[in-house]
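Just so you know, residue 1 is the first one in the sequence shown, and it goes up from there. Indexing begins at 1, ligand by ligand and atom by atom, following the structure's order. None of these values were measured; they are calculated from a predicted model.
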Amino acid sequence: MKIIDIRSDTVTLPTPKMREAMFKAEVGDDVYGDDPTVIELERLAAEKVGKEAAIFVPSGTFGNELALLTHTLRGDEVIVDDYSHIMIHEAGASAVIAGVQLRTFRSTNGHPDPDEIENLIREKNIHFPRTGLICLENAHGMGTVTDVETMMRIHEIANSRGIPIHLDGARIFNAACALGVDAKEIAKHTDSVMFCLSKGLAAPIGSMLAGTKEFVEKARKGRKLMGGGMRQAGIIAAAGIVALKDMIPRLCEDHENARLLAEGLESLNGIEVFKNRLDINMVFFRFKNHLNDCDFVSYMLKQGIKINSVENGEYRFVTNKDVSRSDVMYVIERVKTYFNQI
Ligand SMILES: *Cc1c(COP(=O)(O)O)cnc(C)c1O
C-alpha cells in the first residue's frame, strides 16, 4: 500500500539527483578543511541568505544551539518566543550548552510584537543578567510568517541596544515564498540565521548556520566542541547542494497544496481549520467534538495516511514534496469517510 506521510516535511526522501550527487561527491576531511563539496555547500548557503559565510551542521537544533553558544556568554539572557523551537523542542539545550537563561515573550500565533521585545531587554544593573541575544523564528512553527517590516523594526531596536539577532529560519525559504520576497530580505534583518536542508528541501541530513565571517569562524570551534566536526561530510553536503539549487522554488507548491487541504477539511462539518495560521505548508485544525479524536490516527493509518496524534487539542497536517495534489484530495476523502463512519 502506498503511504502518504503528512506528519512533517522532515519525512521527505532524497531525490534521485541527490543520491547521484552523493554517490559522485568529491570528498576530503572537513575538519582539516579539505572537503570541496562541504566548502561549496557553505559558499552557496551563505549566498542564498546574503551572509558572508556559513557552516554545515548536523541538525537544525545543533545550528540554533551553536548560534546561542557563539553569540552569548554564560549567564546571559536570551529573549525568545514562548512557543519557539528553541524554547520547546530543544530539550533544554540552551541551559546545558550555552549556559544561558531564556526570557520569553508571547507571540500572537507566531507574530512577535517589537515593543514587547524591547520591554524585555535588561538595563545595565549589577543585579541583572545581560541580554545577550534576541531569537526570532520565521517561518514560525505555528504555521505563520512575520513580514519584513516587523523584522526590520526589531532589528532597529536590537541595533540601538547593541544586541545581536539570531533567526531560527528552519523554513526561511517557505517564509520567503509566503511573503513573495527573496530569503535575503528576511535574513538581512538578522546577525545569524539557521536554516534546514532536511525539511521541505528534501536533503537527507543537515542544516546551515550563516553570519559574518568572524561569527562563522568562531562557530567552527563551537561546532567542534559540540562534537559536530564531521569528516567526509561531502557525502551529505552533496545532497544539500542539490536542495539549494533545485528545491527552493517548488516549496510554493506545498503551500498551494496546504491551502487546498485546508479548504477540503474546512468544508467538513466536524472540523475547524485555523485559517489565520495557513501561511506555509502546514494546516492546523481541531475536531469540534473532541470525542472524535479517539481512533483518528489509527483509522488514517489503515487508509495509508500517516499523521501525528493530537497535540494541545490540535492536529497538524504538513504537505511536502512527496505529497501530490491528488494525495491531498485522497486525504480529504478519507477524513470525510471517518466522519461518516462514526
Ligand atoms: C525543524 C526545526 C528546527 C530544527 O530541527 P532539527 O530536527 O533539529 O533539524 C528548528 N527550528 C524550527 C522552527 C523547526 O521547525
Undergrad: Applying a strict 4.0 Å limit to heavy atoms, is Arg171 in contact with ligand 1?
TA: yes
Undergrad: Identify the protein heavy atom lying closest to atom 1 (C) of ligand 1, giving its residue, its atom name and the separation to 0.1 Å.
TA: Lys199 NZ, 1.2 Å
Undergrad: What do we get for Thr10 next to ligand 1 when only non-hydrogen atoms under 4.0 Å count, side chain, backbone, both or neither?
TA: neither
Undergrad: Kindly state if atom 7 (O) of ligand 1 has a protein heavy atom within a strict 4.0 Å cut-off, that is, under 4.0 Å?
TA: no
Undergrad: Taking N or O atoms only and a 3.5 Å limit, does Ala170 qualify as a polar contact for ligand 1?
TA: no
Undergrad: Has ligand 1 got any nitrogen or oxygen that is less than 3.5 angstrom from a nitrogen or oxygen of Thr61?
TA: yes
Undergrad: Before signing off on this row, confirm whether Ser207 and ligand 1 have an N or O atom pair separated by under 3.5 Å.
TA: no
Undergrad: Which option, Met282, His140, Glu65, Glu137, owns the non-hydrogen atom nearest atom 13 (C) of ligand 1?
TA: Glu137
Undergrad: So which heavy atom in the protein is nearest atom 9 (O) of ligand 1, and how far is it from that ligand atom?
TA: Gly60 N, 2.8 Å
Undergrad: Which of parallel (below 30°), tilted (30 to 60°) and perpendicular (above 60°) describes Tyr315 and Phe296?
TA: perpendicular
Undergrad: Which word best sums up how the rings of Phe173 and Phe195 line up, parallel for under 30°, tilted for 30 to 60°, or perpendicular for over 60°?
TA: perpendicular
Undergrad: Against ligand 1, does His89 come closer than 4.0 Å with any heavy atom?
TA: no
Undergrad: Ligand 1 and Ser198, any nitrogen or oxygen pair closer than 3.5 angstrom?
TA: no
